[in-house]
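Before any comments, here is the structure.
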Amino acid sequence: MTRTLDLELARKVLAAQPFSTLVGARLTAFEEGGATVEFDIRGDLLQQHGSVHGGVLGYAADNALSFAAGSVAGSTVTTAGFSIDFLRPARGELLRARARVVRAGRTRVVCRCDLSTVAADGSETLCAVAQGSIAVLDPRPRPSGDETHRTTDQVAPNA
């Protein structure tokens with residue numbers, strides 16, 4: 001299996017996930033150190049109060065965190081754990097989960113994710129934040145003399 005992901009291959013990985021297909025997830029950005037997952041907010045993704053169900057927000061965070069980690073660690077990663085804080089009800093037309101690498105080690109990658117809803121007029125509202133630890137299942141050998149980790153500043157320029 002290839003260790004290097006690009007946008008095309010990353011989209012194929014996403015499309016191979018049945019739940020991602022069910023919610024209509026799209027990988028809209030994928031670069032070294034970051035990834036963005038989006039999907040349209042539909043009635044069947046809401047809870048009884050009319051906002052996106054917390055489990056759906058958790059899914060979006062989990063996948064965005066994993067794809068961000070995969071952008072620096074390769075394709076053999078899996079979520080070791082993540083936490084999510086819900087800030088306000090997620091209501092709008094689109095859900096956007098933007099994740100960035102905080103620190104990439106040889107066997108773990110720590111990432112952060114902002115989850116926002118996008119209204120019909122294009123305005124974004126932050127509704128949740130998440131942080132996760134992503135395990136590298138097939139760690140790359142450590143080159144002698146090289147540092148053992150990279151930080152966000154070394155992975156990608158600040159946006």
Side-chain angles (χ1 to χ4, degrees), residues 2 4-104 108-136 150-153 155-159:
T2 182
T4 304
L5 287 175
D6 59 19
L7 180 59
E8 181 182 343
L9 179 57
R11 284 181 171 159
K12 287 179 183 176
V13 170
L14 183 69
Q17 300 173 355
F19 191 77
S20 294
T21 301
L22 179 68
V23 299
R26 301 177 298 275
L27 189 63
T28 58
F30 184 80
E31 60 188 19
E32 187 173 357
T36 302
V37 174
E38 295 181 351
F39 54 86
D40 298 325
I41 296 174
R42 308 183 316 245
D44 59 341
L45 302 177
L46 306 180
Q47 42 87 307
Q48 70 276 17
H49 300 294
S51 57
V52 178
H53 191 281
V56 176
L57 292 170
Y59 152 79
D62 180 22
N63 251 13
L65 292 164
S66 294
F67 275 99
S71 75
V72 297
S75 60
T76 55
V77 298
T78 192
T79 304
F82 75 94
S83 64
I84 187 166
D85 289 298
F86 303 109
L87 306 175
R88 64 180 46 89
R91 295 188 178 110
E93 302 292 316
L94 178 84
L95 182 71
R96 179 174 291 147
R98 280 192 194 106
R100 301 291 305 158
V101 171
V102 174
R103 180 184 185 276
R108 293 284 170 133
V109 181
V110 175
C111 301
R112 289 189 191 132
C113 181
D114 289 340
L115 293 104
S116 300
T117 55
V118 181
D121 66 4
S123 62
E124 280 192 50
T125 302
L126 184 67
C127 60
V129 293
Q131 181 169 303
S133 176
I134 310 302
V136 181
R150 293 182 289 176
T151 63
T152 302
D153 294 335
V155 172
N158 291 335

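In this chain, numbering begins with 1 at the start of the sequence shown.
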Scanning both residues in full, the closest heavy-atom pair of A35 with A64 reads CB-O, 4.1 Å

What do the steps show when you test D40 against R42 for salt bridge (Lys or Arg N to Asp or Glu O under 4.0 Å), and what is the final call?
CA-CA 6 Å; D40 298 325; R42 308 183 316 245; over 6 Å; no

Atom CD in Q131, atom SG in C111: separation rounded to 0.5 Å?
9.0 Å

Do N63 and S20 have side-chain heavy atoms sitting under 4.5 Å apart?
yes

Using atom types as modelled and distance alone, determine if a side-chain donor or acceptor of H53 lies under 3.5 Å from a backbone N or O of G55.
yes

Could you walk me through whether L115 and I84 pass the side-chain contact (heavy atoms from CB on, under 4.5 Å) check?
CA-CA 10 Å; L115 293 104; I84 187 166; 4.1 Å; yes

Do side-chain atoms of T117 reach the backbone of A90 as a donor and acceptor pair under 3.5 angstrom?
no

Looking only at heavy atoms, the pair that brings A25 and L14 closest together is O-CD2, 3.7 Å

Pairs in or reaching into residues 5-32: which pass ring pair (Phe, Tyr, Trp, His ring centres under 6.0 Å), with residues at least two apart or in two chains?
F19-Y59

If only side-chain N and O atoms count, and only distance matters, is there a donor-acceptor pair under 3.5 Å linking S66 with T79?
yes

Considering the options I134, V109, L65, which one meets the side-chain contact (heavy atoms from CB on, under 4.5 Å) requirement together with V77?
I134

Identify the two heavy atoms, one from S133 and one from R108, that lie closest to each other, and give their separation to 0.1 Å.
OG-NH1, 3.3 Å

4.5 Å side-chain heavy-atom contact, S116 and L126:
yes

Verdict with reasoning, I41 to L46, per side-chain contact (heavy atoms from CB on, under 4.5 Å)
CA-CA 8 Å; I41 296 174; L46 306 180; 3.8 Å; yes

Paired with C127, the side-chain contact (heavy atoms from CB on, under 4.5 Å) test is passed by just one of L95, L87, D114, namely L95

Let me know which of L94, T36, V37 forms a side-chain contact (heavy atoms from CB on, under 4.5 Å) with T28.
T36

Compare every heavy atom of A104 with every heavy atom of V72, then report the nearest pair and how far apart it is.
CG2-CB, 3.8 Å

All heavy atoms of S71 vs all of G34, minimum pair found to be OG-N, 3.5 Å

For residues F39 and A60, report the shortest heavy-atom separation together with the two atoms involved.
CE2-CB, 3.9 Å

Could you note down all residue pairs passing salt bridge (charged side-chain N to carboxylate O under 4.0 Å, His left out) where residues 117-133 supplies at least one of them, sequence neighbours left out?
R96-E124, R98-E124

